[in-house]
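Everything on this sheet refers to the single structure shown next.
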Amino acid sequence: MAEKMMVVMSSYLLMTLYNLAKIKKMALRDKIAYEVTVIVSIYLGIEYVGEFGMPILHDIALWLYKDWGHSIVEYLEKYS
């Protein structure tokens, strides 16, 4: 677990140092996109280090769109 934590922490440190000057020059829209990406990667990093069995992004998307997807498939099968 310590090795995984070192990998994640060093990755974030290098990413922050590399992007620090660029973030200040970004437009608001780009900053929001960057922050969302970082938040998702932090979530996945915590899951990678801790192996907590938290739902990953695929599971969340499946939970959100499962019923909608089944409705589309039923509609397409009905009119095919």
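Only this structure's heavy atoms are used, side chains among them; waters, hydrogens and symmetry mates stay out.
The side-chain hydrogen bond (donor to acceptor under 3.5 Å, both in side chains) contacts involving residues 19-30 comprise Tyr18-Lys22, Asn19-Tyr34, where partners must be two or more places apart or lie in separate chains.
For Trp68, the side chain to side chain contact (heavy atoms under 4.5 Å, CB included) criterion is met by Tyr65, Ile72, not counting sequence neighbours. Applying the salt bridge (charged side-chain N to carboxylate O under 4.0 Å, His left out) test to Lys4 and every residue at least two apart in sequence or in another chain returns Glu51.
Val38 and Met15 make their closest contact through CG2-CE, 4.1 Å (heavy atoms, listed as atom of the first residue, atom of the second, distance).
There is no path of hydrophobic side-chain contacts, each under 4.5 Å, that joins Ile39 to Met26. Leu44 and Leu62 are assigned to two separate hydrophobic clusters, defined by single-linkage of ILVMFWY side chains at heavy-atom distances under 4.5 Å.
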Determine all donor-acceptor pairs shorter than 3.5 Å in which one atom belongs to a side chain in residues 6-13; sequence neighbours excluded.
| unit_1 | atom_1 | unit_2 | atom_2 | d |
| --- | --- | --- | --- | --- |
| Ser10 | OG | Met6 | O | 2.8 |
| Ser10 | OG | Val7 | O | 3.0 |
| Ser11 | OG | Val7 | O | 2.7 |
| Tyr12 | OH | Ser41 | O | 2.7 |
| Tyr12 | OH | Ser41 | OG | 2.9 |
| Tyr12 | OH | Ile42 | N | 2.8 |

